[in-house]
Number of protein chains: 2
Amino acid sequence: MSKSTPTPSAAIDAWARLQRASGAVLARVETRLKTDGFPPLGWYDVLLELSRAEDRTLRPVEIEKRMLLAQYNVSRLLDRLAAAGYIEKLKSPEDGRGVSVRLTSEGEALLKAMWPCYQAAVEAEFTNLLEPGDAETLWNVLGRLVR
Amino acid sequence: MSKSTPTPSAAIDAWARLQRASGAVLARVETRLKTDGFPPLGWYDVLLELSRAEDRTLRPVEIEKRMLLAQYNVSRLLDRLAAAGYIEKLKSPEDGRGVSVRLTSEGEALLKAMWPCYQAAVEAEFTNLLEPGDAETLWNVLGRLVR
DNA sequence: TCAAGATTGATGCACTTGCATAAATTTTCT
DNA sequence: AGAAAATTTATGCAAGTGCATCAATCTTGA
């Protein structure tokens, strides 16, 4: 039984470092996007989800689940994206309560324009700091946390 | 040279999962703290730093560096902590511009009161999901990201 | 069928964060 | 010493987030 569980302090240290590292790297990546005049990563994530979706359209509740955001945050994020013309809100045909959100061509253009910057930022602030095999290791270990 | 760098997609996937996993686990831990009537984790972190510091006192600029927070966020977080009585602000003796922030006995009491909840939350939402060795693995890999 | 309950999405209000900038020193450099 | 630059902290204002709650619709089940 002595090895069935990590040392408490090792686990707490890993927890602390997880929060610190992910926060620091995220901040650096966001800074690069902003420096290049792009909107925050959350905008990119929504547009990316839409671009992958059937008919480039999703319900807000789907976006909420995929992005792990609170309902009211999704609602307002979509407001901002719609106001900027990157998505459009349509009445949902199958559900009278709901809305459908569709990627516009401007949204698709933004997605394409952001990608090189985003990719370069992740590479510089994340990928290049790792050693071979680290990405796979992280992916595996962190997979246990996402359920 | 073929193996000197991870596959781009493996790195991007690891990046995405890092953000998702750390965000999700953080949210769950914060929820537990709030459910038990405690303030956010940021408050705990400040109090913990102070409790470890010489004379339980730090300059705001030190807290800023240790917690990787923006200067104005530190300034206001300390305002809230002082208003709640958990710290006190003193004129810095060595630097006329600066302030010194000292943990009060109420702050120390809060720190002690939060710890069991915090520890249990991390254990339930993080530690228990890991397998033996994962904590050390994470700590090592993530160490490359914190510089 | 139809009332009770669950789901979807929006919104008012308070609080927090980000940005730009100010004010008071301290440090550096000539 | 004295001017210029850097550091430390605070703050007004705009924007984003969390909470509670509402209105509309869909689903369930007697």
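Remember, it's a predicted structure, so these values are computed and weren't measured experimentally. Every chain is numbered from 1 and lettered A, B, ... according to where its sequence line falls, protein lines coming before strand lines.
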Looking only at atom types and distance, does a side-chain atom of Asp134(A) sit under 3.5 Å from a main-chain N or O of Leu130(A), one as donor and one as acceptor? no

With sequence neighbours excluded, tell me which residues meet side chain to side chain donor-acceptor pair (under 3.5 Å) with Asp79(A). Lys89(A)

State which residues pass side-chain contact (heavy atoms from CB on, under 4.5 Å) with Thr31(B); sequence neighbours excluded, sorted by chain then number. Thr35(B)

Tell me what Asp95(B) touches on the nucleic acid: a base, only sugar-phosphate, or nothing, going by heavy atoms under 4.0 Å. sugar-phosphate

Partner set under side-chain contact (heavy atoms from CB on, under 4.5 Å) for Ala24(A), not counting sequence neighbours: Arg28(A), Leu68(B)

So, using side chain to side chain donor-acceptor pair (under 3.5 Å) as the criterion, who are the partners of Arg97(B) when residues are at least two apart? Asp95(B)

With the threshold set at under 4.0 Å for non-hydrogen atoms, list the residues of residues 61-76 of chain B touching DNA chain D in residue-number order. Val61(B), Gln71(B), Tyr72(B), Ser75(B), Arg76(B)

First and last nucleotide of DNA chain C touching chain B, 5' to 3', heavy-atom cut-off 4.0 Å? dT16(C) to dT26(C)

Does Arg144(B), at its CZ atom, have more than 12 non-hydrogen atoms belonging to other residues, nucleotides or ligands within less than 6.0 Å? yes

When you measure from the side chain of Thr127(B) to the backbone of Ala11(A), do you find a donor-acceptor pair of N or O atoms at a distance under 3.5 Å? no

Are any side-chain N or O atoms of Glu30(A) and backbone N or O atoms of Leu41(A), one a donor and one an acceptor, separated by less than 3.5 Å? yes

Distance in angstrom units between Arg97(B) CZ and dT8(D) P, rounded: 6 Å

Output the rounded distance in Å from CG (Asp79(A)) to P (dT17(D)). 12 Å

Taking only residues two or more places apart in sequence, or in another chain, which ones meet Asp36(B) in a side-chain contact (heavy atoms from CB on, under 4.5 Å)? Phe38(B), Cys117(B)

In Å and rounded to the nearest 0.5 Å, what is the CG to CG distance from Leu18(B) to Leu18(A)? 6.5 Å

Between Arg59(A) and Val99(A) (side chain of the first, backbone of the second, donor and acceptor by atom type, cut-off under 3.5 Å), is there such a pair? yes

Leu77(B) or Ser100(A), whichever maps to the more 5' nucleotide of DNA chain C: Ser100(A)

Axis deviation across the helix from dT1(C)-dA30(D) to dT30(C)-dA1(D), five-pair ends, to the nearest 10°: 30°

For Arg56(A), what residues pass the side chain to side chain donor-acceptor pair (under 3.5 Å) criterion, not counting sequence neighbours? Glu108(A)

Trp139(B) atom CH2, over 12 foreign heavy atoms within 6.0 Å: no

What are the residues of residues 20-41 of chain B, sorted by number, that bring a heavy atom to within less than 4.0 Å of DNA chain C? none

Which residues, if any, of residues 43-58 of chain B bring a heavy atom under 4.0 Å of DNA chain D? none

Do the ring planes of Tyr86(A) and Trp43(A) sit parallel (below 30°), tilted (30 to 60°) or perpendicular (above 60°)? perpendicular

Is any side-chain N or O of Arg59(A) closer than 4.0 Å to OP1 or OP2 of dC26(D)? no

Taking side-chain contact (heavy atoms from CB on, under 4.5 Å) as the test, write out the residues that go with Ala70(A), two or more places apart. Tyr72(A), Asn73(A)

